[in-house]
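Here's the structure we're looking at; comments come further down.
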Amino acid sequence: AVLLDRRRGDVLARLVEDVDTLDRLPVRVLIPALAALLTSGLVAVLLVPFGTWAWVMALAGLACGCVAAPIAASRMSSGAARDVVGLRALLQSSLVDMLHGMADLLAMGRDRDHEASALSLSRSLGAARSRAAGSAALGASLAGLAADLAVVAVLVAATRTPIASDMDGAHLAAIVLMTLAAFEAAAALSACGQDLVEARAAARRVLEIADAPPAVVAHRTGSTVPEQPIVEASRLTFTYPGGRRPAIDGITFRLASGMPLAIVGPSGSGKSTLIGLLMRLWEFDGGTLTLDGTDIRNYDPAAVRTRMSFV
């Protein structure tokens, strides 16, 4: 019921692309952030012997290059990152619809129109990816600039300490390498903001389906569904939410085990809807639907589905 009005390509994108985006969240965001935090703290401790200003300058550079720059880049690319997630789903839906409906599109002479629409979505997706990549590149450039300035500032601060006279070239090289190591460990943060925005957009799309209220509420009565129940419907009625007329109106039938029953009618007459009611995908509006004389609503929908299937 939740998926009925959604295009299959959109559902596929949510179950594959969006879930993959969330799967990458620990590797692309959480682990780099933790590594940057630990490395920055370690480098600050190692720079303490070279004077207070040395580690203060290092931490200030890290704050500017690995925190402020990614945040600024993330805010600049937030709209593009959300567009990437939405346009990716629209493009996938368009392509899936085109593949499944190719025969009809060719027969109606609409294949070129659909192709043009897919190409337009593809171009829009490419443009959104370019905008997001540009913001990420700007953030990385600012982080690199902050790293260079921090190295110079740390060197200047270290050489003005009382122990500067005892330092040799090895000490100066160690200061440079430690400062650069901190920025190298934190460099991945420049892309974290964009990844986080994409993950939030993907999470919203997944949760729209996962948290949608079910059309059928399970009643935990403990009743066991009979092995081979006799299915009986009397004046069964059902109207889709928002529908103007009933999809099924006053249907009555009896179906025993081993008994064939033909349901015939033109397209849209309610054949699939009737199967959906039997499978407890929808809640009927009026009439009765029983299994061995017991209202089907008295059973857990999952238990009913263990006794019925459809192809």
Side-chain angles (χ1 to χ4, degrees), residues 1-23 25 89 92-93 96-97 100 199 201-243 245-265 267-311:
V2 173
L3 304 180
L4 183 67
D5 294 329
R6 300 188 182 275
R7 298 163 68 181
R8 66 180 73 188
D10 178 61
V11 175
L12 181 64
R14 292 172 192 254
L15 297 180
V16 179
E17 300 288 347
D18 292 339
V19 171
D20 284 345
T21 299
L22 295 176
D23 281 342
L25 185 63
Q92 187 156 342
S93 298
V96 170
D97 290 345
H100 281 276
R204 281 195 294 268
R205 286 171 44 79
V206 172
L207 293 177
E208 280 181 7
I209 293 179
D211 291 346
V216 174
V217 179
H219 299 284
R220 304 292 181 179
T221 61
S223 301
T224 302
V225 182
E227 286 283 345
Q228 295 179 327
I230 297 176
V231 181
E232 291 186 273
S234 176
R235 304 189 63 80
L236 194 63
T237 303
F238 171 72
T239 302
Y240 283 104
R245 61 184 181 85
I248 290 179
D249 191 7
I251 296 294
T252 300
F253 67 88
R254 182 178 186 274
L255 179 61
S257 176
M259 169 187 170
L261 177 66
I263 306 172
V264 296
S267 178
S269 60
K271 303 184 295 297
S272 298
T273 301
L274 179 58
I275 299 296
L277 294 177
L278 290 174
M279 295 295 298
R280 301 296 286 137
L281 303 182
W282 294 98
E283 198 72 86
F284 54 91
D285 302 327
T288 60
L289 182 59
T290 63
L291 303 180
D292 280 359
T294 300
D295 194 323
I296 197 172
R297 292 174 293 193
N298 290 338
Y299 299 111
D300 181 4
V304 173
R305 297 181 194 117
T306 65
R307 298 288 185 260
M308 298 190 188
S309 61
F310 72 97
V311 179

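What you see is a predicted model; the values in this text were computed from it and never measured. The first residue in the sequence is number 1, and the count goes up from there.
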Test side-chain hydrogen bond (donor to acceptor under 3.5 Å, both in side chains) applied to Asp97 - qualifying residues, sequence neighbours left out: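 With sequence neighbours excluded, Asp97 shows a side-chain hydrogen bond (donor to acceptor under 3.5 Å, both in side chains) to Arg7, given in chain and number order.
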
For Ala215, all residues meeting side-chain contact (heavy atoms from CB on, under 4.5 Å), sequence neighbours excluded: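 Listed in chain order: Ala1, Trp282.
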
Which distance, rounded to the nearest 0.5 Å, do you find between the [atom1] of [X] and the [atom2] of [Y]?
X      : Y      : atom1 : atom2 : answer
Ile296 : Leu278 : CD1   : CG    : 6.5 Å
Asp295 : Thr290 : CG    : OG1   : 7.5 Å
Asp249 : Ser269 : CG    : OG    : 12.5 Å

Determine the minimum heavy-atom distance between [X] and [Y], stating which atoms define it.
X      : Y      : value
Lys271 : Gly265 : NZ-O, 2.9 Å
Phe310 : Met279 : CD2-CG, 3.6 Å
Phe284 : Leu289 : CE2-CB, 3.8 Å
Glu208 : Ala212 : O-CB, 3.4 Å
Met308 : Leu291 : CE-CD2, 3.6 Å
Ala202 : Asp18  : CB-O, 3.7 Å

So Phe253 and Ile263, do their side chains get closer than 4.5 Å, heavy atoms only?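 No, side chains not in contact.
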
Validation row: Ile251, Phe238 side chains within 4.5 angstrom (heavy atoms):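 Answer no - side chains too far apart.
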
Answer yes when Glu17 and Arg14 have at least one side-chain N-carboxylate O distance shorter than 4.0 Å, and no when they do not.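 Salt bridge: no.
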
Got a donor-acceptor contact below 3.5 angstrom from the Arg280 side chain to the Arg305 backbone?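 Not a single qualifying donor-acceptor pair exists.
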
Tell me which donor-acceptor pairs under 3.5 Å the side chains of residues 226-236 have, and how far apart each pair is, sequence neighbours excluded?
none

